[in-house]
Trainee: 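Pasting in a structure now, in structure tokens, and then I'll have a few things to ask.
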Amino acid sequence: EAEHPDWVTPDSPTQRAGAKAADRFDKIRHPAPILSLANAFGADDARAWLERIAKIDDRVEKAKFVVEPKIDGLSVVLHYRDGVFVQGATRGDGEVGEDITSNLRTIRSIPLRIPVNSDQSSVIRVPKYLVVRGEAYLPIKEFDELNRKLEEAGEKTYLNPRNTAAGSLRQLDPVLTASRPLTILVYQIIYSDGGKIPTSQWEILEYLKALGFPITDVAKRFNKLEDAIAYTETWNEGRDKLPYEADGMVIKIDDLNLAAELGFVGKDPRGAIAFKFPAREVTTTLNDIGVAIGRTGVLTPYAMLEPVEIGGVVVERATLHNF
Ligand code: IVH
């Protein structure tokens, strides 16, 4: 490539790093809105969700459901032209995101070229233009390792994997992003042109996998909401077995045409719901109460606790200025 610069293709391995630092991020308009999710806090909320949407469309009564982990990372949008990764963006406000293509290229699990191509006589054909959405994240193990190294070097450590991932992807210098072991799981097709894509969420996951994208290995499909809820609830205890931070599970109507027809409320599609894990709780001893004095003289009481571990962090202080 050094001798033949015109031979450099966007999917060349050298393009994973190599991009120069930018002085700002360009804006990218998403081809379709990047939606959010309404929350359910427990089984009754989920049942109420089903009742609500069954009133809108009675096909809901026979619907299947896909349950996936709700990864606490950063939503990203990946564009492929003729199977080649050409652009990647943050979610932004759901309509317009930031162009973080150079940073996303450094994530090894993002295919720079979809191995199956439209001109091959393969069973799977890649649409001419394909836009997928996934969650970029820093695995918990890698996060701990990074903090351990920073601590050893006497540097400031990070608060949690999500902030670290977000900070790493919003670096103007891709060399910095490349040094962070970020990874991704994809779960949605935002847009496709020139090719057929599946019409159920379950098949979308299988299809994305066949195209070479990393997908979750804990997704399951159910014929009844009650079974989906039961599976979801097994993860209340099991969340620590996941290699990434998850703040819940997502229950999705499998039939994507039905889901789309149900529409949305604000930015939340009616066809899916985030089933949140209960907040982590531990018990410890209140050793003392301190008072912090702000620059303006405001007094803020805080608790000095017997150090206790919760969700991978040790807590020894807690603010007390609100309930
Ligand atoms: S589906 C219409 N699936 O959770 C599709 N979202 O609180 C809407 N998230 O902004 C999103 N894992 O960034 C979906 N398996 C998953 C997810 C997931 C994480 C994030 C996503 C979204 C947020 C909503």
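One-based numbering, in listed order, for ligands and for the atoms of each. Quick caveat, the model's predicted, so the values are computed rather than measured.
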Trainee: Charged N to carboxylate O below 4.0 Å: is that the case for K27 and D99?
Mentor: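 Answer for the salt bridge query: no.
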Trainee: Can you tell whether the side chains of K70 and D247 come within less than 4.0 Å, N to carboxylate O?
Mentor: yes
Trainee: Are any of the N or O atoms of I71 closer than 3.5 Å to those of ligand 1?
Mentor: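 N/O-N/O distance under 3.5 Å: yes.
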Trainee: Could you see which bit of A274 sits under 4.0 Å from ligand 1, with heavy atoms only: side chain, backbone, both or neither?
Mentor: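 Answer for A274: neither.
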Trainee: Which residue and atom name correspond to the protein heavy atom nearest atom 11 (C) of ligand 1, and how close is it?
Mentor: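 It is R133 NH1, 3.7 Å.
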Trainee: Would you say the side chain of R105 lies within less than 4.5 Å of the side chain of I110, judging by non-hydrogen atoms?
Mentor: no
Trainee: Measure the acute angle between the ring planes of W235 and Y231, then classify it against the limits of 30° and 60° as parallel, tilted or perpendicular.
Mentor: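 Aromatic pair W235/Y231 classed perpendicular.
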Trainee: Provide, to 0.1 Å, the distance between atom 23 (C) of ligand 1 and the closest protein heavy atom, together with that atom's residue and name.
Mentor: K70 NZ, 3.9 Å
Trainee: Just checking R170: does its CZ atom have more than 12 heavy atoms from other residues, nucleotides or ligands closer to it than 6.0 angstrom?
Mentor: no
Trainee: Any idea which of L37, I190, I273 brings a heavy atom closest to atom 24 (C) of ligand 1?
Mentor: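 It is L37 whose heavy atom sits nearest to atom 24 (C) of ligand 1.
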Trainee: Is the shortest side-chain N to carboxylate O distance from R239 to E245 below 4.0 Å?
Mentor: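 No, R239 and E245 are not salt-bridged.
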Trainee: Can you find a heavy atom in the side chain of L35 that is under 4.5 Å from one in the side chain of F264?
Mentor: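 Side chain of L35 against side chain of F264, heavy atoms only: contact under 4.5 Å found.
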Trainee: Given Y244, F264, Y187, which has its nearest heavy atom closest to atom 14 (C) of ligand 1?
Mentor: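 Result: the heavy atom closest to atom 14 (C) of ligand 1 is in Y187.
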Trainee: How far is atom 3 (N) of ligand 1 from its nearest protein heavy atom, and which residue and atom is that?
Mentor: K252 NZ, 2.9 Å
Trainee: Counting C-beta onward and ignoring hydrogens, is there a side-chain heavy-atom pair between Y244 and L185 closer than 4.5 Å?
Mentor: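 Yes, at least one pair of side-chain atoms sits under 4.5 Å.
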Trainee: Provide the number and element of each atom of ligand 1 under 4.0 Å from a heavy atom of S36.
Mentor: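 Close to S36: 8 (C), 24 (C).
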Trainee: Identify the closest protein heavy atom to atom 13 (O) of ligand 1: which residue and atom is it, and at what distance?
Mentor: E135 OE1, 2.9 Å
Trainee: With heavy-atom distances below 4.0 Å as the criterion, list the atoms of ligand 1 near S75.
Mentor: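 Those qualifying, in numeric order: 13 (O).
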Trainee: Does only the side chain of V250 get under 4.0 Å from ligand 1, or the backbone, or both, or neither? Count heavy atoms.
Mentor: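 Side chain only; the backbone of V250 stays clear of ligand 1.
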Trainee: Can you pull out the closest protein heavy atom to atom 5 (C) of ligand 1? Residue, atom name and distance to 0.1 Å, please.
Mentor: Q188 OE1, 3.7 Å
Trainee: Which protein non-hydrogen atom lies closest to atom 15 (N) of ligand 1, naming both residue and atom, and how far is it?
Mentor: E68 OE1, 2.9 Å
Trainee: Would A259 count as a contact residue for ligand 1, given that I'm defining contact as a non-hydrogen atom of the residue lying under 4.0 Å from a ligand atom?
Mentor: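 So A259 does not count as touching ligand 1.
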Trainee: For Y80 together with F213, are the ring centres under 6.0 Å from each other?
Mentor: yes
Trainee: For P127 versus Y207, what's the shortest heavy-atom pair and its separation?
Mentor: CD-OH, 3.2 Å
Trainee: Does P269 have a non-hydrogen atom less than 4.0 Å from ligand 1?
Mentor: yes
